[in-house]
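This is a predicted model, so every value here is computed, not measured.
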Amino acid sequence: MASEKVETVVAGNYVEMEREEGDSKSAKNKLSNLFWHGGSVYDAWFSCASNQVAQVLLTLPYSFSQLGMLSGILFQLFYGLMGSWTAYLISLLYVEYRTRKEREKVDFRNHVIQWFEVLDGLLGKHWRNIGLFFNCTFLLFGSVIQLIACASNIYYINDNLDKRTWTYIFGACCATTVFIPSFHNYRVWSFLGLMMTSYTAWYLTIASLLHGQIDGVKHSGPNKMVLYFTGATNILYTFGGHAVTVEIMHAMWKPQKFKMIYLIATLYVLTLTLPSASAVYWAFGDLLLTHSNALSLLPRSGFRDTAVILMLIHQFITFGFACTPLYFVWEKFIGVHETKSVFKRALARLPVVIPIWFLAIIFPFFGPINSTVGSLLVSFTVYIIPSLAHMITFAPSAARENAVERPPSFLGGWAGMYSINIFVVVWVLIVGFGFGGWASMLNFIQQINTFGLFTKCYQCPHKA
């Protein structure tokens, strides 16, 4: 009976308790709760959908030019489902870990649970270290990609400054995310972020269709294995945005309800990515092979400038999404994570931004860097490690019998679940990490050889 009682409070109503305390104070606090304190299922959905699509929306037409139309569409559907599956696994492991800890009377009121802690609690320190390395490295480069995207986009409105100078400026702007305490406080930002990417996606679609096909348009992809697997790995990266799943779940009032949220978010994201990538590729074809940012090919107009500005704001939001888990790790490392002073935590977080800023200036390769990060980091962080961790956690029969969440019967129980997990591990290891890593690194090295490190203006048109 006691264990049943514990399970009813799994995943903590502690945030709800905090909310109740605040509600009674003032109208000002109620307003703050409305815009600032988000922990509902809807907040989690907006966070997942907003974080998933981000700047990669602008590089998917480039991936289509590498893959061809049919492969581009099929890979989006395939990796969308695979990404939803592993996000589901992460949610199961989080609930399992938290339930076990709450049975031991552990209090998470001032502590944000992270993925490496879930691995540590369920599988031990070696898994914790592996999870910490891959997650932090991925999030580091995920933040780098947002800075590169900011500079790439603003250049199409104002080319008086080169992209490297814009990277300096946006690095300083994005550093202000140190003041946002946690994912619990992204309610308005995640909602606005999704509206912004929705506008941009439909702008790309409609503007490309109205523009029509360029003279002599060619759709020769796929014609090189290197380009094919580079494009496929960029799509692997697109649907691998759930390195922050645990932090988003932890911000929910009832994290057990997360299970289907990522899948529903992915279905919505597909309504943005499939039409926009297909339309831009249809209009511009092989020209995209040398234009990794889709906005660079569309004529300047008020609609395009609006899309650029909205994507800039969204990239600021996504920078915060990618960087906040790094802030948490750093806070825990230096011992300030549980302090209630927002200002003290913000000051402590600033050193995290510096290496991100520096790396964005060294490797400003918008597009190719997505594929490289996808093959070398996302493949393990988001697909392989969660699948292996789930299988090993529930390998003992006692763990399966006492599991907080059991596999749904339509999947074929534990046997069906293990079969899917094994498929994910083998596929991503061979296709994503193996072929994808080989192709992405070749492409990345080619960019270095062509443009050089610290290049001032990657893929900028030559001025007369």
Side-chain angles (χ1 to χ4, degrees), residues 42-64 72-73 75-84 86-87 138-139 141-143 145-150 152-153 183 186 188-208 231 233-245 248 261-281 292-295 306-323 366-367 369-371 373-374 378 382:
Y42 301 103
D43 290 306
W45 184 83
F46 278 115
S47 291
C48 287
S50 175
N51 183 47
Q52 191 179 121
V53 66
Q55 51 72 40
V56 82
L57 186 70
L58 306 177
T59 65
L60 284 172
Y62 167 65
S63 297
F64 269 47
I73 293 168
F75 269 117
Q76 278 203 42
L77 295 170
F78 177 63
Y79 282 134
L81 283 172
M82 193 181 281
S84 301
T86 52
F138 167 42
L139 290 168
F141 278 98
S143 305
I145 287 166
Q146 300 314 315
L147 278 191
I148 295 169
C150 285
S152 179
N153 288 345
F183 285 100
Y186 271 95
V188 170
W189 290 116
S190 57
F191 172 76
L192 291 175
L194 192 57
M195 297 303 101
M196 292 166 187
T197 48
S198 298
Y199 170 88
T200 304
W202 287 108
Y203 159 72
L204 289 171
T205 305
I206 295 165
S208 297
T233 312
N234 187 38
I235 296 177
L236 180 85
Y237 170 82
T238 305
F239 295 99
H242 45 283
V244 295
T245 299
I248 291 172
I261 287 174
Y262 199 90
L263 176 61
I264 299 166
T266 297
L267 294 175
Y268 179 77
V269 165
L270 286 169
T271 69
L272 305 180
T273 58
L274 286 171
S276 59
S278 302
V280 178
Y281 179 53
S292 48
N293 188 333
L295 290 172
T306 302
V308 171
I309 291 163
L310 291 180
M311 286 307 285
L312 283 172
I313 300 168
H314 185 266
Q315 272 137 15
F316 165 82
I317 297 165
T318 311
F319 181 92
F321 268 109
C323 224
F366 188 80
I369 195 171
N370 290 13
S371 302
V373 170
V378 176
V382 170

Could you check S84 against T266 for side-chain hydrogen bond (donor to acceptor under 3.5 Å, both in side chains), going step by step and ending with a plain yes or no? CA-CA 7 Å; S84 301; T266 297; 3.2 Å; yes
Beyond-backbone contact of [X] with [Y], side-chain heavy atoms, under 4.5 angstrom:
{"X": "C48", "Y": "I248", "result": "yes"}
{"X": "F64", "Y": "Q76", "result": "yes"}
{"X": "L310", "Y": "L192", "result": "no"}
{"X": "L60", "Y": "V280", "result": "no"}
{"X": "I145", "Y": "V56", "result": "no"}
{"X": "F138", "Y": "V382", "result": "yes"}
{"X": "N51", "Y": "S190", "result": "no"}
{"X": "Y199", "Y": "T306", "result": "yes"}

Okay, side chain of [X], backbone of [Y]: is any donor-acceptor separation there less than 3.5 Å?
{"X": "T59", "Y": "S292", "value": "no"}
{"X": "T197", "Y": "L194", "value": "yes"}
{"X": "S50", "Y": "S47", "value": "no"}

Taking the six-membered ring where the residue is Trp, are the ring centres of W45 and Y268 under 6.0 Å apart?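 That pair passes the under 6.0 Å test.
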Closest approach of L204 to A294 (non-hydrogen atoms, all atoms of both residues):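 Looking at all heavy atoms of both residues, the closest pair is CD2-CB, 4.2 Å.
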OH of Y262 to CZ of F239: how many Å apart, nearest 0.5 Å?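 Those atoms lie 8.0 Å apart.
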For the residue pair F75 and F78, does the interplanar ring angle fall in the parallel (under 30°), tilted (30 to 60°) or perpendicular (over 60°) class? perpendicular
